[in-house]
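Since the model is a prediction, treat every value here as computed from it, not as a measurement. In each ligand, atom 1 is the first atom listed, and ligand 1 is the first ligand listed. Any value given below was found using the heavy atoms of this structure, including those in side chains, with hydrogens, waters and symmetry copies removed.
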Amino acid sequence: MERKSKHFETKVVHSGYDSKNHLGSLSTPIYQTSTFTFDTAEQGEKFFAGEEEGYIYSRLGNPTVTALQEKVADIEGGEACLAFGSGMAAISAVLLSLTKANDHVLVSQGIYGCTYGLLTLMEEKYQISHDFSTMETEEQMKELIRPETACIYLETPINPTMKVIDIEMVVRVAKQYNIPVVVDNTFSTPYLQKPLEIGCDVVVHSATKYLCGHGDVVAGLAIGTKEIISHIAMTTQKDIGGILAPFDAWLLLRGLKTLPVRMDRHCENTKKLAEWLREQPLIKAVYYPGDTSHPDYEITKKQMKHGGGLFSFEIDGTKQQTQRFINNLQMIKIAVSLGDPESLIQHPASMTHSPVPEDVRLSMGITDQLVRLSVGLEAWEDIRDDIQQSLDQMAKDENK
Ligand SMILES: *Cc1c(COP(=O)(O)O)cnc(C)c1O
């Protein structure tokens with residue numbers, strides 16, 4: 001009870017772990033074991049029958065992973081959490097457990113490239129079809145909902161176009177039809193946005209990104225009610241097996257403790273850079289949901305604490321010029337992924353969203369001139385100066 005009243009910043013440090021149960025160890029021990037011993041055959045029987053709680057085998061549960069799951073459930077505002085070996089393992093487990101053959105999924109227009117790939121696979125193998133919706137109005141959504149729609153799946157802000165979907169509106173529609181809503185909350189983290197509190201049913205994360213925050217783990221998480229999460233645990237995860245290793249869980253536990261501090265800096269840097277970049281020549285457009293001029297700013301303000309640590313922009317030039325702009329950066333690293341201390345830049349059309357057919361990609365707003373920047377924890381002036389020198393180089397090349 002008392003724990004519920006603690007602030008987010010306190011929960012990320014203390015929640016889900018009591019050193020008294022671990023010989024006083026301040027840091028969560030890494031239970032680097034595949035299996036657990038039973039005192040007697042009868043105890044083993046009880047564990048398997050679920051009559052007594054205890055660890056059996058690390059695919060079914062591991063204390064280091066449990067500590068992570070309890071912390072994340074608490075900070076995301078859910079009853080339970082399940083950790084996976086990657087974001088895609090979490091997303092596929094959730095989608096596979098919520099659907100059966102011939103079902104339908106309503107998806108936000110603009111989703112992570114591999115989630116698009118997964119939906120295509122589900123359609124080819126199990127005839128689970130999907131429709132994309134911009135989810136701008138209730139009417140648009142209702143037109144696409146069918147009797148066999150088994151779930152609504154969305155990302156907001158959308159990767160990499162930074163459009164924002166009104167979660168409250170989506171929940172209102174979903175409740176009318178009794179359809180569960182799944183939100184990929186990777187970009188925002190629970191520090192900025194809590195979809196479960198708005199009424200969504202499941203939150204998924206690529207914990208690889210901000211939750212880990214140090215670019216050294218690939219991991220996924222799913223959070224929701226005890227009923228949904230234990231269903232996923234006992235069916236899809238147990239038998240498909242995309243679990244998280246104890247050491248990776250430990251790295252995540254460590255990273256999570258500084259999440260609010262890191263997010264504040266990511267967001268502050270991003271806001272300053274986006275404002276500055278908007279005024280530069282050779283920049284056609286800047287997309288940042290934290291900008292008062294962003295078309296979805298009112299929704300951002302309603303459901304997010306800050307605008308996040310990512311933004312996209314379009315270079316006023318060709319694809320080749322855009323790639324040259326990226327190549328001429330000196331400090332900013334060229335890499336996919338996001339949420340790391342290092343600023344990372346990528347070209348969605350040829351990288352993260354290259355599996356998406358060109359016409360679909362363009363309809364999502366992902367042009368050849370669009371670049372996405374994950375703003376790091378460096379001094380913002382140094383990130384700005386790096387972009388400035390690359391833009392100067394571009395201006396010089398143009399005047400040749
Ligand atoms: C990275 C990412 C994923 C996939 O996560 P992995 O950990 O790479 O499997 C899913 N959704 C979003 C929004 C992402 O950025």
Atoms in ligand 1 flagged as close to Ser86, the criterion being non-hydrogen separation under 4.0 Å: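 It comes down to these atoms of ligand 1: 7 (O), 9 (O).
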Asp184 neighbourhood, listing ligand 1 atoms whose heavy-atom distance to it stays under 4.0 Å: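 Once the distances to Asp184 are compared, the set is 10 (C), 11 (N), 12 (C), 13 (C).
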Please work out which of the three classes, parallel, tilted or perpendicular, describes the rings of His130 and Phe132, given edges at 30° and 60°.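 Aromatic pair Phe132/His130 classed perpendicular.
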In terms of the angle between their ring planes, are Phe325 and Phe313 parallel, tilted or perpendicular, with boundaries placed at 30° and 60°?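 Correct class here is perpendicular.
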Based purely on interatomic distance, does [X] place a nitrogen or oxygen under 3.5 Å from a nitrogen or oxygen of ligand 1?
X: Glu155; answer: no
X: Gly87; answer: yes
X: Thr208; answer: yes
X: Met88; answer: yes

Heavy atom of the protein closest to atom 15 (O) of ligand 1 (residue, atom name, distance): Lys209 NZ, 2.7 Å
How far is atom 8 (O) of ligand 1 from its nearest protein heavy atom, and which residue and atom name does that atom have?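 Here the closest protein heavy atom is Tyr112 OH, 3.9 Å.
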Test of understanding: given a 4.0 Å heavy-atom threshold, classify the contact between Ile91 and ligand 1 as side chain, backbone, both, or neither. side chain
Applying a heavy-atom cut-off of 4.0 Å, say which part of Ala219 lies close to ligand 1: side chain, backbone, both or neither. backbone
Taken to the nearest 0.5 Å, the spacing of Arg384 CZ from Asn269 CG works out to 11.5 Å
Distance, nearest 0.5 Å, that separates NZ of Lys238 from CD1 of Ile243: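 One finds 13.0 Å between NZ of Lys238 and CD1 of Ile243.
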Can you find a side-chain donor-acceptor pair between Glu76 and His205 that sits under 3.5 Å? yes
Whether the Trp250 and Ser27 side chains hold a donor-acceptor pair (N or O, under 3.5 Å, no angle test) is what I'd like checked.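 Side-chain D/A pair, Trp250 to Ser27: present.
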Salt bridge present between Lys46 and Glu42 (N-O < 4.0 angstrom): no
